[in-house]
Amino acid sequence: MSINANIDWSKLGFTYTKTDLRYVSKWKDGKWDDGKLVEDNNITISEASTALHYGQQCFEGLKAYRTRSGKIQLFRPDENAKRIRKSCKRILMPEIPIEKFVDACVQVVKANESFVPPYGTGATLYLRPYVIGIGDNLGVRSAPEFLFSIFCCPVGPYFKGGMAPVNFMIAEEFDRAAPHGTGAAKVGGNYAASLLAHTNAVEKGFADCIYLDPATHTKIEEVGAANFFGITNDNVFVTPKSPSILPSITKYSLMHIAKEYLKLEVQERDVPINNLSDFKEAGACGTAAVITPIGGIAYNNELHVFHSETEVGPVIKKLYDTLYGIQFGEVEAPEGWLVEVK
Ligand SMILES: *Cc1c(COP(=O)(O)O)cnc(C)c1O
């Protein structure tokens with residue numbers, strides 16, 4: 001299949017584009033059906049679906065990358081499979097077998113192959129898997145039926161003019177998750193809870209806000225949709241450890257790269273908000289941007305600047321280049337990280 005000639009790959013942002021086919025599978029009477037590819041990008045569900053009233057839904061996000069030789073590959077889809085199983089379990093939805101999830105991702109990419117951007121544009125095919133509770137139901141309980149679907153859209157590189165630092169502010173008045181809530185599950189409710197704080201941060205001129213631990217408000221947790229990490233003055237890669245953080249696959253990949261490729265010490269531990277001067281570089285990481293370098297963090301009416309508000313620090317640059325290189329097939333990947341779509 002050739003590459004779609006009607007798309008200006010350099011103009012793509014992170015926006016919805018209808019592609020050819022999406023995957024749908026239903027769970028009913030205790031089991032998932034085989035699933036199929038469909039053309040319709042609308043779903044029709046009962047007005048009484050739990051996804052609409054009680055937030056019984058979760059999702060994932062991952063990308064397919066086209067390499068220099070034209071090959072298409074998915075980055076660690078088995079990790080997204082494991083994570084969506086945990087999200088489903090947390091909110092009482094049936095778990096999807098790992099093979100079913102990865103196979104569905106491969107089917108969707110194959111069926112929309114012409115939308116996988118050409119190598120060199122930095123653009124990728126973003127996959128959005130989700131599970132929702134459906135069927136007639138009124139009381140607060142788990143749904144009688146479920147829908148698992150995956151659609152995909154071509155998306156542009158996060159940084160159009162190359163990676164650049166941005167400033168964040170600490171959300172002092174808001175939490176995205178409760179101490180024993182659903183922070184570690186990729187559920188829409190966490191996002192609904194973050195919309196107002198995000199909008200306030202943007203209105204004040206920041207890229208987004210960073211949340212503190214909901215119990216004590218003394219330790220950094222994460223950004224609304226990305227995990228936090230820092231490089232200490234003595235070159236240790238540090239990232240917060242907390243049960244209410246969403247475990248980012250990009251973060252765990254960067255931890256591996258820091259240790260095995262850059263030979264840095266790696267620590268997952270508390271990051272007190274009052275110890276920002278321990279870090280010479282800081283970043284936010286997630287599938288969308290890989291790494292967003294953090295210029296500074298505003299807290300208590302002060303802006304703490306790390307490496308620079310305009311330039312990317314050298315360690316973050318190396319981490320970014322290595323992971324980006326692995327995803328696009330330019331740097332040798334650790335065993336099992338890439339799944340070829342063929
Ligand atoms: C999805 C998500 C991330 C990033 O996870 P990746 O697997 O790296 O894409 C970070 N924080 C939150 C709250 C998320 O929902």
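Indexing begins at 1, ligand by ligand and atom by atom, following the structure's order.
- Looking from atom 9 (O) of ligand 1 to the surrounding protein, the closest heavy atom is Thr287 OG1, 2.6 Å.
- Residue Arg176 has no N or O atom closer than 3.5 Å to an N or O atom of ligand 1.
- Protein heavy atom in closest approach to atom 1 (C) of ligand 1: Lys186 NZ, 1.4 Å.
- You'll find the side chain of Ile7 reaches within 4.5 Å of the side chain of Leu12, heavy atoms only.
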Glu309 vs Asn167, side-chain hydrogen bond (donor to acceptor under 3.5 Å, both in side chains): CA-CA, chis, key distance, verdict:
CA-CA 7 Å; Glu309 277 187 81; Asn167 291 340; 2.9 Å; yes
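- Close contacts of ligand 1 with Gly286, meaning ligand atoms under 4.0 Å from a residue heavy atom, involve 4 (C), 8 (O), 9 (O).
- Considering CG of Asp136 and CD1 of Ile45, their distance stands at 11.0 Å, rounded to 0.5 Å.
- The Gly224 neighbourhood of ligand 1 comprises atoms 13 (C), with distances under 4.0 Å to a heavy atom of that residue.
- Taking the ring centroids of Tyr158 and Phe14, they lie at or beyond the 6.0 Å cut-off.
- Looking at Ala226 against ligand 1, only its backbone comes within 4.0 Å, counting heavy atoms.
- The salt bridge (Lys or Arg N to Asp or Glu O under 4.0 Å) check on Asp321 picks up Lys317, with sequence neighbours excluded.
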Applying side-chain hydrogen bond (donor to acceptor under 3.5 Å, both in side chains) to Thr182 and Arg90, what does each step give before you reach the verdict?
CA-CA 8 Å; Thr182 53; Arg90 178 65 180 80; 5.8 Å; no
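- Close approach of ligand 1 to Tyr191 is summarised as follows: ligand atoms under 4.0 Å from at least one heavy atom of the residue are 2 (C), 12 (C), 13 (C), 14 (C), 15 (O).
- Remark: Phe168 pairs with no residue by the ring pair (Phe, Tyr, Trp, His ring centres under 6.0 Å) rule, at least two apart or across chains.
- Inclusion of Thr250 in the set of residues having an N or O under 3.5 Å from an N or O of ligand 1 is warranted.
- Atom 3 (C) of ligand 1 has its closest protein heavy atom at Ala225 O, 3.4 Å.
- Contact annotation: for Arg83 versus ligand 1, heavy atoms closer than 4.0 Å belong to the side chain alone.
- Side chain of Gln73 to main chain of Gln327: a donor-acceptor pair is present (N/O by atom type, distance under 3.5 Å, no hydrogens or angles).
- Proximity to Glu222 (heavy-atom distance under 4.0 Å) selects the following atoms of ligand 1: 10 (C), 11 (N), 12 (C), 13 (C).
- Counting the atoms of ligand 1 from 1 in the order shown, those under 4.0 Å from a heavy atom of Asn227 are 10 (C), 11 (N).
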